[in-house]
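The block underneath contains the structure these notes are about, expressed in structure tokens.
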Amino acid sequence: MHSSPVRITAEETLSDNWYLLKKYTFDLRRRDGTWQAQTREVYDRGNGATILLYNRERRTVLLIRQFRMPTFVNDYPGYLIETAAGLLDNASPEERIRLEAEEETGYRVGHVEKIYSAFMSPGSVTERIHFFIGEYQPADQVGAGGGLEAEGEDIEVLERSFEQALAMVQSGEIVDGKTIMLLQYLELRMLKEGW
């Protein structure tokens, strides 16, 4: 049995304001067996979940639009079109995504299906996102959505045809990674199952 390829030699908290930013100094065993000293900053914001709500008969999806400061400071208008999502906050991924879907879109979904989980920015962020899809019906709407004002959320709910949503990826109107992944997953599934 091999020992760990990583030996952490120092750990420093750089910020514990919004989430946790740490600086790690460590030795990494390279493939040739030698050890190399490295330093990385790691941002720990917890794990999250996201869901693409779709209606098979109408061939529509529910998306949201909200302001994202990191995109604004990276030469983008700041408003992203996304799938509903949120941090787990000690809940199970399925429990959390049901709550987030209702808070953000106003729809209470019945069955949700987990399709995979993925690290979205593993070079610097610890977050693993759990990806779900769920079918919605017009009768599932129990509120207006829009998120929680107390959490600074001001979310616009968008219902789009599936074809329009895919075209928005191609045109660059949808640039959020998790949303693109879920739309492409649904496209492949629709082709495979002949929807």
Side-chain angles (χ1 to χ4, degrees), residues 45-68 70-71 76-77 79-148 153 155-195:
R45 59 185 308 266
N47 294 322
T50 187
I51 189 166
L52 177 60
L53 298 176
Y54 69 96
N55 180 287
R56 188 185 307 235
E57 292 78 28
R58 296 168 63 208
R59 294 181 61 87
T60 55
V61 293
L62 283 178
L63 301 169
I64 61 170
R65 184 189 336 256
Q66 65 181 322
F67 181 74
R68 297 296 200 179
T71 70
Y76 191 79
Y79 284 89
L80 282 191
I81 297 173
E82 307 176 46
T83 49
L87 295 177
L88 298 185
D89 294 330
N90 299 315
S92 72
E94 184 175 313
E95 178 186 2
R96 174 54 59 200
I97 203 53
R98 288 176 184 279
L99 293 170
E100 289 293 334
E102 187 171 331
E103 284 176 11
E104 295 185 0
T105 70
Y107 284 77
R108 183 173 293 152
V109 292
H111 174 71
V112 298
E113 179 185 347
K114 183 173 179 185
I115 53 175
Y116 44 68
S117 63
F119 290 98
M120 298 303 290
S121 187
S124 58
V125 181
T126 61
E127 182 181 33
R128 182 187 319 217
I129 297 181
H130 302 272
F131 288 75
F132 291 85
I133 59 171
E135 196 162 356
Y136 76 94
Q137 302 297 330
D140 296 334
Q141 187 171 10
V142 296
L148 299 178
E153 294 178 325
I155 294 171
E156 178 185 1
V157 182
L158 308 172
E159 186 175 43
R160 298 290 185 261
S161 74
F162 183 67
E163 290 74 16
Q164 185 180 10
L166 286 176
M168 292 165 76
V169 172
Q170 292 300 317
S171 71
E173 193 175 350
I174 294 178
V175 294
D176 175 63
K178 66 187 181 301
T179 304
I180 293 169
M181 290 169 68
L182 281 169
L183 287 168
Q184 290 178 341
Y185 173 85
L186 190 60
E187 179 182 31
L188 292 172
R189 186 162 179 167
M190 289 170 72
L191 290 170
K192 180 180 176 183
E193 296 178 5
W195 296 8

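In this chain, numbering begins with 1 at the start of the sequence shown.
Here the side chain of Ser92 pairs a donor or acceptor atom with the backbone of Glu95 at under 3.5 angstrom. Under a 3.5 Å cut-off, the side chain of Arg96 and the backbone N or O of Leu87 do form a donor-acceptor pair. Here the side chain of Thr50 pairs no donor or acceptor atom with the backbone of Phe131 at under 3.5 angstrom. At distances below 3.5 Å, not a single donor-acceptor pair connects side-chain atoms of Glu173 with backbone N or O atoms of Met168.
Closest heavy-atom contact between Ala84 and Ala101: CB-CA, 4.2 Å. Nearest heavy-atom pair, Gln137 versus Tyr107, reported as atom, atom and distance to 0.1 Å: O-CE2, 3.6 Å. The shortest heavy-atom contact between Pro138 and Arg58 is CG-NH1, 3.5 Å. Across Val61 and Ala165, no two heavy atoms sit closer than the pair CG2-CB, 3.9 Å.
Going from atom CD of Glu156 over to atom CD1 of Ile81 covers 8.0 Å, rounded to the nearest 0.5 Å. For the atom pair CD1 of Ile133 and OG1 of Thr83, the computed distance is 12.0 Å after rounding to the nearest 0.5 Å. Rounding to the nearest 0.5 angstrom, the gap separating the CG atom in Leu166 from the CZ atom in Arg160 is 13.5 Å. Here the CD-CG distance, from Gln66 to Leu80, works out to 8.0 Å after rounding to the nearest 0.5 Å. Taking CG of Leu186 as the reference point, atom OH of Tyr54 lies at 6.5 Å (rounded to 0.5 Å). Taken to the nearest 0.5 Å, the CD1 atom of Ile115 stands 8.0 Å off from the CE atom of Met181.
Within a 6.0 Å radius of CG in Asn90, no more than 12 heavy atoms belonging to other residues, nucleotides or ligands are found. When the shell of 6.0 Å around OH of Tyr76 is examined, it contains more than 12 heavy atoms from other residues, nucleotides or ligands.
Residues satisfying the ring pair (Phe, Tyr, Trp, His ring centres under 6.0 Å) criterion with Phe132, sequence neighbours excluded, are absent altogether. With sequence neighbours excluded, the residues that form a side-chain contact (heavy atoms from CB on, under 4.5 Å) with Asn47 are Leu88, Arg128.
Between Lys178 and Glu82, the closest side-chain pair of non-hydrogen atoms falls below 4.5 Å. Val157 places a side-chain heavy atom less than 4.5 Å from the side chain of Leu62. Contact of the Val125 side chain with the Arg45 side chain is registered, since non-hydrogen atoms from C-beta on lie closer than 4.5 Å. At a threshold of 4.5 Å between non-hydrogen side-chain atoms, the residues Glu135 and Glu57 count as touching. Considering only heavy atoms from C-beta on, Met120 stays 4.5 Å or farther from Glu127 through its side chain.
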- Under the side-chain contact (heavy atoms from CB on, under 4.5 Å) criterion, do Leu52 and Leu63 qualify, and how do the steps go? CA-CA 7 Å; Leu52 177 60; Leu63 301 169; 4.0 Å; yes
- Message: For a side-chain hydrogen bond (donor to acceptor under 3.5 Å, both in side chains) check, start with the C-alpha distance between Glu159 and Tyr136, then their side-chain angles and the critical distance, and finish with the verdict.
- Response: CA-CA 11 Å; Glu159 186 175 43; Tyr136 76 94; 2.4 Å; yes
- Message: Run Asn55 and Phe162 through side-chain contact (heavy atoms from CB on, under 4.5 Å) and show every step you take.
- Response: CA-CA 9 Å; Asn55 180 287; Phe162 183 67; over 6 Å; no
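Contacts classified as salt bridge (Lys or Arg N to Asp or Glu O under 4.0 Å) and involving residues 110-125 (residues at least two apart or in different chains) are given here: Glu113-Arg189.
Salt bridge annotation for Arg98-Glu94: present, with a cationic side-chain nitrogen under 4.0 angstrom from a carboxylate oxygen.
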